[in-house]
Amino acid sequence: MIKNAVVPVAGLGTRLLPATKSQPKEMLPVAKKPIVQYVVEELAGSGVQEILFVTGRGKDAIENHFDHDPNLLALLSATGKEDLIDELAFENLNTRFLYTRQSVQRGLGDAILCAEPFVAHAPFIVALGDSIIGLQERSTVCARMSEVLERHQAAAVIAVEPTSREQVSLYGVVKPETDGDIFAISDLVEKPTPEDAPSNLTIVGRYVFEPVIFDMIRRLKPDRHLEIGLTEAIRMLCETGHRVMGMKLQPCEPRYDIGNYPSYFETFVEFALADPKYGPRLRERLAGMLAAEED
Ligand code: UTP
């Protein structure tokens, strides 16, 4: 089992302005929790023991969120609000947090390269800090991908999800060599037009890599936006004869992308409706609002 994970959270989140002007997009709430807390809980559930956040300017709130706050605990106890202490249970996950910074936002590939001293020579997981996997059940996709990496002696395993043709242009898309839930990948294309997409399988923001990915990232030149992409680096793995595997998410673990407003709004509502305490009332209120609109 892979013990190390890298969570890049240094991006500027410009598609979610103005909400992200002075707060990290990864700290935007989805129902009761910030997005990045779902990511960390998922990784801890997959056996990850150390998480390196690749952060940037203005991202201190992430560091504060995962730190213990003895003053807050003391205040909750002293004011008889012990029931709220349960809301901070995530502070006691069996996970160690480390932080490094990407000074200039040169793309996801460059952010991953910042993690090289942390992972040293061992395989590692990458989980994007702005994507949640699974609603009711905590996803174990990263643990399953780690097994696939070992079993197939692959250099990378990428989690993917079937997506509608219109949506493929928002994501990286893989070209599978065979059918099935686990398959070899021969090529990848970043944000293709629906006509150029090699399949409908889009990359969902969970990866497992051997350290050879760093060599590929280093070889890449920045694109026209001056960014170094991760999809390009994985593509180079394929081109240089390394084995790259794909793994489909199961139907019970849908992917929620928080990078744009339509998707963020829908995700918030879906998670809020699933909240055991507040969901039922919200469902009634929404039904009332929709009925009133129709009148
Ligand atoms: P995105 O490309 O969706 O994030 O990266 P972004 O650049 O913040 O978004 P926009 O386009 O400006 O709205 C996916 C993940 O990779 C991280 C982001 O923080 C996000 O969690 N990322 C992206 C970095 O850490 N560094 C980068 O240079 C780019």
Side-chain angles (χ1 to χ4, degrees), residues 5-30 33-43 51-63 65-66 97-116 118-119 124-133 142 158-161 163 167-173 188-192 202-207 209 213-214 217-218 220-234 255-265 267:
V6 177
V7 179
V9 291
L12 300 175
T14 51
R15 284 170 294 160
L16 294 184
L17 280 169
T20 51
K21 180 159 180 265
S22 64
Q23 68 177 330
K25 98 170 139 180
E26 296 80 7
M27 285 299 291
L28 292 177
V30 164
K33 297 191 269 191
I35 296 154
V36 68
Q37 187 179 327
Y38 292 95
V39 179
V40 164
E41 288 172 346
E42 175 201 320
L43 291 172
I51 295 178
L52 176 78
F53 286 104
V54 181
T55 73
R57 244 175 298 282
K59 302 278 179 167
D60 308 2
I62 297 174
E63 216 165 318
H65 189 70
F66 291 105
F97 299 105
L98 296 104
Y99 299 87
T100 191
R101 276 173 78 127
Q102 183 191 28
S103 308
V104 182
Q105 278 62 38
R106 290 201 197 93
L108 186 53
D110 180 71
I112 301 307
L113 195 54
C114 298
E116 191 173 16
F118 162 73
V119 302
F124 62 101
I125 293 165
V126 170
L128 298 194
D130 65 350
S131 290
I132 301 173
I133 310 285
C142 290
I158 306 167
V160 298
E161 182 181 65
T163 307
Q167 292 269 306
V168 291
S169 50
L170 295 176
Y171 303 107
V173 181
L188 303 90
V189 192
E190 184 63 16
K191 302 191 174 79
T202 56
I203 300 174
V204 301
R206 298 293 183 271
Y207 312 80
F209 291 116
I213 190 68
F214 298 124
I217 298 172
R218 254 191 298 273
L220 286 173
K221 297 215 165 42
D223 63 15
R224 62 198 165 89
H225 304 292
L226 302 179
E227 293 195 344
I228 294 181
L230 187 58
T231 304
E232 273 307 304
I234 303 170
R255 165 260 182 90
Y256 297 91
D257 166 27
I258 324 288
N260 58 75
Y261 273 119
S263 171
Y264 174 49
F265 286 169
T267 302

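Note that ligands are numbered from 1 as they come in the structure, with each ligand's atoms numbered from 1 the same way. A quick note: this is a predicted structure, and the numbers were derived from the prediction, not measured. Numbers for residues simply follow the sequence, beginning at 1.
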Asker: List every atom of ligand 1 that sits less than 4.0 Å from any heavy atom of Ala111, numbering the atoms from 1 in the order shown and giving each element.
Answerer: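 Answer, ordered by atom number: 24 (C), 25 (O), 26 (N).
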
Asker: Has ligand 1 got any nitrogen or oxygen that is less than 3.5 angstrom from a nitrogen or oxygen of Ala10?
Answerer: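 Yes.
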
Asker: Of the protein's non-hydrogen atoms, which lies at the shortest distance from atom 8 (O) of ligand 1, and what is that distance?
Answerer: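 Checking every protein heavy atom, the shortest distance to atom 8 (O) of ligand 1 gives Gly13 N, 2.7 Å.
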
Asker: If you have a sec, work out which protein heavy atom is nearest atom 26 (N) of ligand 1 and how many Å separate them, to one decimal?
Answerer: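 Result: Gln102 OE1, 2.7 Å.
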
Asker: Hey, are the side chains of Tyr171 and Asp257 touching, using non-hydrogen atoms and a 4.5 Å cut-off?
Answerer: yes

Asker: Give the contacting part of Glu227 toward ligand 1: side chain, backbone, both or neither, where contact means a heavy-atom distance below 4.0 Å.
Answerer: neither

Asker: Does even one non-hydrogen atom of Leu12 get within less than 4.0 Å of ligand 1?
Answerer: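 The answer is yes: ligand 1 sits under 4.0 Å from a heavy atom of Leu12.
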
Asker: Do Lys25 and ligand 1 have an N or O pair less than 3.5 Å apart?
Answerer: yes

Asker: Among protein heavy atoms, which lies nearest atom 11 (O) of ligand 1, and at what distance?
Answerer: Arg15 NE, 3.1 Å

Asker: As an exercise, identify every atom of ligand 1 less than 4.0 angstrom from a heavy atom of Arg106.
Answerer: 28 (O)

Asker: Ring centres of Phe53 and Phe66 under 6.0 Å apart?
Answerer: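 Ring-ring flag for Phe53/Phe66: true, centres closer than 6.0 Å.
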
Asker: Please examine the side chains of Val30 and Tyr256, heavy atoms only from C-beta on, and report whether any two atoms are closer than 4.5 Å.
Answerer: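 The answer is no, as the side chains (C-beta and beyond) never meet within the 4.5 Å cut-off.
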
Asker: What residue and heavy atom of the protein are closest to atom 23 (C) of ligand 1, and at what distance?
Answerer: Gly11 CA, 3.8 Å

Asker: Which bit of Pro8 gets closer than 4.0 Å to ligand 1, counting heavy atoms only: side chain, backbone, both or neither?
Answerer: both

Asker: In the protein, which heavy atom is nearest to atom 28 (O) of ligand 1, and how far is it?
Answerer: Gly107 N, 2.8 Å

Asker: Using the side chain to side chain contact (heavy atoms under 4.5 Å, CB included) rule, pick out the option among Gln37, Glu26, Gln23 that qualifies with Ile62.
Answerer: Glu26

Asker: Does Leu16 reach ligand 1 with a nitrogen or oxygen that is under 3.5 Å from one of the ligand's nitrogen or oxygen atoms?
Answerer: no

Asker: Would you say that Arg106 contacts Pro222 through its side chain, given a criterion of any heavy-atom pair below 4.5 Å between the two side chains?
Answerer: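 No, their side chains stay 4.5 Å or more apart.
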
Asker: Mark up the atoms of ligand 1 that fall under 4.0 Å of a heavy atom belonging to Gly129, in ascending order.
Answerer: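 It comes down to these atoms of ligand 1: 21 (O).
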
Asker: Atoms of ligand 1 less than 4.0 Å from Leu108 heavy atoms?
Answerer: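 Heavy-atom distances to Leu108 below 4.0 Å select 16 (O), 29 (C).
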
Asker: Nearest non-hydrogen atom to atom 12 (O) of ligand 1 belongs to which of Ile228, Ile258, Thr14?
Answerer: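 Of the listed residues, Thr14 has the closest heavy atom.
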
Asker: Find the distance between CD1 (Ile51) and CG (Leu43) and round it off to the nearest 0.5 Å.
Answerer: 4.5 Å

Asker: Does any N or O in the side chain of Glu227 come within less than 3.5 Å of the main-chain N or O of Asp223, such that one atom is a donor and the other an acceptor?
Answerer: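 A pair under 3.5 Å: no.
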
Asker: Using a 4.0 Å heavy-atom cut-off, which part of Asp130 comes near ligand 1: side chain, backbone, both, or neither?
Answerer: both

Asker: Side chains of Glu116 and Arg218: closer than 4.5 Å at any heavy-atom pair?
Answerer: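 With C-beta onward as the side chain, the pair touches.
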
Asker: Give a yes or no answer on whether the side chain of Lys25 reaches the backbone of Gly129 with a donor-acceptor pair at less than 3.5 Å.
Answerer: no

Asker: Is the shortest N/O to N/O distance between Gly259 and ligand 1 below 3.5 Å?
Answerer: no

Asker: If I apply the N/O under 3.5 Å rule, does Val54 come out as touching ligand 1?
Answerer: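 No: no nitrogen or oxygen of Val54 is under 3.5 Å from one in ligand 1.
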
Asker: Between the main-chain N or O of Leu16 and the side-chain N or O of Tyr261, is there a donor-acceptor pair closer than 3.5 Å?
Answerer: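 Between the backbone of Leu16 and the side chain of Tyr261 there is a qualifying donor-acceptor contact (under 3.5 Å).
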
Asker: Tell me if a side-chain donor or acceptor on Glu232 pairs with a main-chain N or O of Lys221 at a distance below 3.5 Å.
Answerer: no

Asker: Of the non-hydrogen atoms in Asn260 and Pro262, which two are nearest, and what is the gap between them?
Answerer: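 Shortest heavy-atom contact: OD1-CD, 3.3 Å.
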
